[in-house]
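Each ligand, and each atom within it, is numbered from 1 in the order the structure gives. Predicted, not measured: the structure shown is a model, and the values here were computed from it.
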Amino acid sequence: MKVLVLNSGSSSIKYRFFDMAGETVLASGVVERIGEAGSGFVHESRGSRQQFAEAVPDHASGFARIMELLGDAGSPDAIGHRVVHGGDRFRAPVQIDAQVIEVVRSLVPLAPLHNPANLTGIEAAMDALQGVPQVAVFDTAFHQTMPPHAYRYAVPARWYTGLGLRRYGFHGTSHAYVSRQAAAALGRPPGELRLVVLHLGNGASAAAVRHGESVDTSMGLTPLEGLVMGTRCGDVDPAVFGFLSRRAGMTLEEVEQALNEDSGLKGLCGANDMREIEDMAAAGNGQATLALDLFCYRARKYVGAYAAAMGGLDALVFTAGIGQRSAEVRARTCDGLEVLGLELDPARNARPGELPAAVHSDDSAVAVLVIATNEELAIARETVACLDGSR
Ligand code: ADP
């Protein structure tokens, strides 16, 4: 079975085409700047990379061109779409039909930037390939197992009942995939384990995964809550809105935009690439050192909180760009977690080698794992499982 995975943004479509027999990647690429000047493609297949600058006026023409480029790699038997927000309607991937599209559309107020873009991609692919089954895989679905005390905010109850204002959590496909990988790496059934997964990329989130289910996560109503991120603030006092309105005359939209785009690591030290920040800190830049400290301190607080929430911790898992590649972030995050019986092995942490890798000391009561996330493969697997009814 060949599965095409699509991740449609407002002006881009990322794609990866899998042969699920051996889970090999047949082709992959991205269409960029759809509907804008300078649009084009990057397409990779069989080890060769091609770049095309060409007009791509809309998602439908972008998708048609992807199908052409896949060419002799074959045509997809199924398509898996990444959809950011499934609200509390979707606890699992679902085969897309007109009704599913309407429900995803009804969730637009919860994800005004992402769901419309995801829908545009879905509609382009559904129109073009009518006989091919297509599946929506939601970023929020894995966290639907959170109990109310984790997903509710302490705000007027009618905001929840009337407007759906609650914590949803994101990066769920990654947290689910990585926690299964962690159980496999430990050689234990997921049902026995209490894990904290730190997905540290440009966006960053922590998840508490007990017995294979998400019981808490750091992102909330939107992906702004929680950990310090590349350009997002993570946890702040919600009173900053009133404060900045009164003190700086900023509008709600301006504050919201600044918290999403000009905050986090970038707000603290001007850079949001962790490699650059580590270099700046090593060269004595105090703001970069502070940014690094704050990033790791926040992550460490969540690990402690989630260990308490689950009544213990069997493994801490680092994943995504920073989690997989930054030994320094892992070391700083774990520094202080000895209180949980967790002990990092400095040499293993510095050179984890091939992933998955264990980087704790032989005496550590808590395993520390570095695991490569693969959201596209996870979506492809979920697509197959959804269609063959095994999920
Ligand atoms: P996204 O959320 O966009 O998918 P990624 O998971 O690709 O992000 O992670 C991007 C982040 O990973 C960037 O901050 C980048 O600096 C960081 N990163 C990549 N390689 C390294 C490295 N070798 N050391 C430290 N950070 C790294």
Side-chain angles (χ1 to χ4, degrees), residues 5-16 28-30 32 42 82 84 111 113-114 117-118 137 139-140 169-178 181 197-207 217-219 222-234 260-283 285 287-296 298-299 317-334 349-357 359 370-379:
V5 172
L6 295 180
N7 181 355
S8 309
S10 55
S11 63
S12 69
I13 308 176
K14 291 190 191 128
Y15 57 95
R16 200 170 291 186
S28 65
V30 58
E32 284 169 319
V42 176
R82 176 183 183 215
V84 167
L113 296 179
H114 293 105
N118 300 157
V137 180
D139 271 21
T140 48
F170 299 87
H171 287 148
T173 308
S174 174
H175 286 300
Y177 175 83
V178 167
Q181 296 276 108
V197 180
L198 291 174
H199 176 113
L200 308 177
N202 239 324
S205 69
T217 191
S218 59
M219 285 176 168
T222 75
L224 187 56
E225 190 179 340
L227 303 182
V228 175
M229 306 179 217
T231 64
R232 285 176 241 158
C233 58
N260 272 294
E261 294 170 21
D262 303 323
S263 299
L265 297 169
K266 182 179 168 202
L268 287 165
C269 73
N272 64 349
D273 187 313
M274 189 52 88
R275 283 164 291 199
E276 202 182 327
I277 295 169
E278 286 181 11
D279 291 346
M280 286 160 67
N285 181 313
Q287 289 175 321
T289 307
L290 175 68
L292 199 51
D293 277 346
L294 230 144
F295 184 91
C296 299
R298 182 81 55 86
V317 187
F318 287 92
T319 192
I322 299 172
Q324 288 166 218
R325 299 196 190 89
S326 174
E328 175 150 11
V329 166
R330 291 193 299 266
R332 284 179 184 247
T333 301
C334 290
N349 183 51
R351 280 180 220 295
E354 203 178 315
L355 304 186
V359 297
V370 184
I371 292 183
T373 191
N374 189 338
E375 285 170 285
E376 292 80 10
L377 177 60
I379 291 172

Sequence neighbours left out, what passes ring-ring contact (aromatic ring centres under 6.0 Å, His included) with F170? Give chain and number order.
-> H85

Between D262 and K266, is there a salt bridge with N-O shorter than 4.0 Å?
-> yes

Taking the side chain as every heavy atom from C-beta outward, state whether Q324 and T373 have any atom pair closer than 4.5 Å.
-> yes

Is there side-chain contact between T231 and L265, with heavy atoms separated by less than 4.5 Å?
-> no

Can you tell me how far the CG atom of L355 sits from the CG atom of N374, to the nearest 0.5 Å?
-> 12.0 Å

Y177 side chain near L377 side chain, heavy-atom distance below 4.5 Å | yes

Pairs of nitrogen or oxygen atoms, one from ligand 1 and one from the protein, closer than 3.5 Å: please tabulate them with distances.
residue	atom	partner	partner atom	Å
ligand 1	2 (O)	N202	N	3.0
ligand 1	2 (O)	G203	N	3.4
ligand 1	6 (O)	G321	N	2.9
ligand 1	8 (O)	N202	N	3.2
ligand 1	12 (O)	I322	N	3.4
ligand 1	14 (O)	M274	N	3.3
ligand 1	16 (O)	D273	OD1	2.5
ligand 1	16 (O)	M274	N	2.8

